[in-house]
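As structure tokens, the structure follows; a few thoughts come after it.
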Amino acid sequence: MPAQVNVKICGLTDRASLDAAVAAGARYVGLVFFEKSPRHIGLPEAAELAAAIPEGICKVALVVDAPNEFLDRLLAEVPLDMLQLHGKESPARVIEIKARYGLPVMKAVGIADAADLPPLETYMQVADQILVDAKPPKEAVLPGGNGLAFDWRLIAGRRWPVPWMLAGGLTPDNVEEAIAMTGANQVDVSSGVEHAPGAKDTSKIAAFCGAAHGN
Ligand SMILES: O=C(O)c1ccccc1NCC(=O)[C@H](O)[C@H](O)COP(=O)(O)O
């Protein structure tokens, strides 16, 4: 197991979950700006929550194929440290967003089988980080946050030159095995620390972080 595993808790919408993530040592927290998501947060609520996030914890905005008009407003109203692109953004769009906003960009890439691996290499040329996530099922409403894992053996033993996070179906019960199998030193979770879609569970947040940190 790597010495230090960074945890991202994604889809926070309330202060109690934020406080639980901070207390448990999460290094990243994610806010979802996608109206179809049960984790969607409005800009005024996000600004209030973001203001309560301690210095040193990376505030990540998750967006899906967002136009500049929305990103302009988002970044004017909410203090954020990183953009997570979770749609079908092209490599050129990643470059454009990085240049326009001057923030680090994490691009999510969905994996279901070996044919999905080459885009990882492509996006590593242009993004600051990669979220290696499960590919959503064809009928899914959400492009992420579906609580589905992919076959971790597909990426076992691979080493990449840019920081990356493992995501998709992680839980307090399987995160240790996922880290051991993939060598991930960063992990991201959303539904695995909830008791209902969009409702975070503070004890699961603590358990997940504890397991990821090897406690
Ligand atoms: O979480 C959402 O509702 C969501 C909506 C639209 C795009 C992406 C979304 N989540 C992406 C994440 O960063 C999740 O943490 C990641 O996909 C893992 O989700 P889960 O399998 O639920 O832990």
Side-chain angles (χ1 to χ4, degrees), residues 5-14 17-18 21 24 26-42 45-46 49 57-66 70-71 74 80-89 93 104-112 116 119-120 123 127-152 155 163-179 182 184 186-201 204-205 207-209 211-212:
V5 172
N6 294 331
V7 174
K8 171 169 169 276
I9 305 290
C10 198
L12 295 177
T13 54
D14 68 281
S17 311
L18 168 65
R27 294 291 305 275
Y28 302 80
V29 292
L31 306 178
V32 174
F33 300 93
F34 185 60
E35 287 185 4
K36 291 180 198 156
S37 171
R39 306 165 187 112
H40 172 70
I41 187 166
E45 294 78 17
L49 201 57
I57 295 183
C58 185
K59 301 180 286 297
V60 182
L62 187 161
V63 294
V64 179
D65 298 317
F70 176 74
L71 295 177
L74 171 63
L80 294 161
D81 303 310
M82 181 181 281
L83 288 167
Q84 176 176 333
L85 307 182
H86 219 105
K88 292 186 162 60
E89 298 86 0
R93 179 65 175 147
V105 166
M106 176 156 64
K107 178 70 184 95
V109 177
I111 307 294
D116 299 316
L120 290 174
Y123 282 106
D128 298 280
Q129 298 218 27
I130 300 291
L131 188 82
V132 185
D133 200 358
K135 196 176 199 170
K138 278 202 170 52
E139 69 282 3
V141 173
L142 302 179
N146 292 304
L148 281 181
F150 65 95
D151 183 350
W152 303 321
I155 60 164
W164 62 281
M165 283 185 198
L166 180 68
L170 298 177
T171 68
D173 294 332
N174 70 10
V175 66
E176 232 176 316
E177 184 192 351
I179 291 167
T182 62
Q186 306 198 99
V187 291
D188 173 65
V189 65
S190 193
S191 30
V193 292
E194 292 178 343
H195 53 76
K200 290 288 183 282
D201 182 317
K204 287 187 182 179
I205 290 173
F208 184 89
C209 293

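Just so you know, ligand 1 is whichever comes first in the structure, and atom 1 is the first atom listed for that ligand. One-based numbering along the sequence shown.
Counting heavy atoms only, Asp188 comes closest to atom 15 (O) of ligand 1 of the residues Leu85, Val193, Asp188. Within the set His40, Arg39, His86, the minimum heavy-atom distance to atom 2 (C) of ligand 1 is found for Arg39.
Remark: minimum distance from atom 20 (P) of ligand 1 to any protein heavy atom is reached at Ser191 OG, 3.4 Å. Among all non-hydrogen protein atoms, the one lying nearest atom 23 (O) of ligand 1 is Ser190 N, 2.9 Å. Among protein heavy atoms, atom 3 (O) of ligand 1 sits closest to Ser37 OG, 2.5 Å. Given atom 17 (O) of ligand 1, the protein heavy atom at minimum distance is Asp133 OD2, 2.5 Å. Gly144 O, 3.4 Å is the protein heavy atom nearest to atom 4 (C) of ligand 1.
By the criterion of a heavy-atom distance under 4.0 Å, the side chain of Cys10, and not its backbone, is placed next to ligand 1. Contacts with ligand 1 closer than 4.0 Å are made by side-chain heavy atoms of Leu62 only, the backbone lying farther away. Heavy atoms of Gln84 found under 4.0 angstrom from ligand 1 belong exclusively to the side chain.
Residue Gly145 has at least one N or O atom closer than 3.5 Å to an N or O atom of ligand 1. Taking distance alone, with nitrogen or oxygen atoms compared against 3.5 Å, Pro143 stays at or beyond that limit from ligand 1. Looking at ligand 1, you'll find an N or O of Gly169 within less than 3.5 Å of one of its N or O atoms.
Val175 and Ala212 make their closest contact through CG1-N, 3.8 Å (heavy atoms, listed as atom of the first residue, atom of the second, distance). Summarising the geometry of Cys209 relative to Val7, their closest heavy-atom pair is SG-CG1, 3.9 Å, with the distance given to 0.1 Å.
Side chains of Gln84 and Lys8: a donor on one and an acceptor on the other come within 3.5 Å. Judged by distance alone, the side chains of Ser190 and Arg39 do bring a donor and an acceptor atom under 3.5 Å apart. A donor and an acceptor atom, one from each side chain of Tyr28 and Gln129, are located under 3.5 Å apart. Checking Asp65 against His86 by side-chain atom types alone, no donor-acceptor pair falls below 3.5 Å.
When each atom of ligand 1 is checked for a heavy atom of Leu142 under 4.0 Å away, the hits are 3 (O). Atom numbering of ligand 1 starts at 1 in the shown order; those under 4.0 Å from a heavy atom of Gly168 are 18 (C), 21 (O). The atoms of ligand 1 that sit less than 4.0 Å from any heavy atom of Asn146 are 22 (O). Using a 4.0 Å cut-off to heavy atoms of Lys8, the atoms of ligand 1 that qualify are 13 (O).
No donor-acceptor pair closer than 3.5 Å links the side chain of Asp201 to the backbone N or O of Val193. In this structure, Asp133 contributes its side chain and Phe150 its backbone to no donor-acceptor pair below 3.5 Å. With hydrogens and angles disregarded, a donor-acceptor distance shorter than 3.5 Å links the side chain of Glu194 to the backbone of Gly198.
Among residues two or more places apart in sequence or in another chain, the side-chain hydrogen bond (donor to acceptor under 3.5 Å, both in side chains) test is passed with Ser17 by Asp14.
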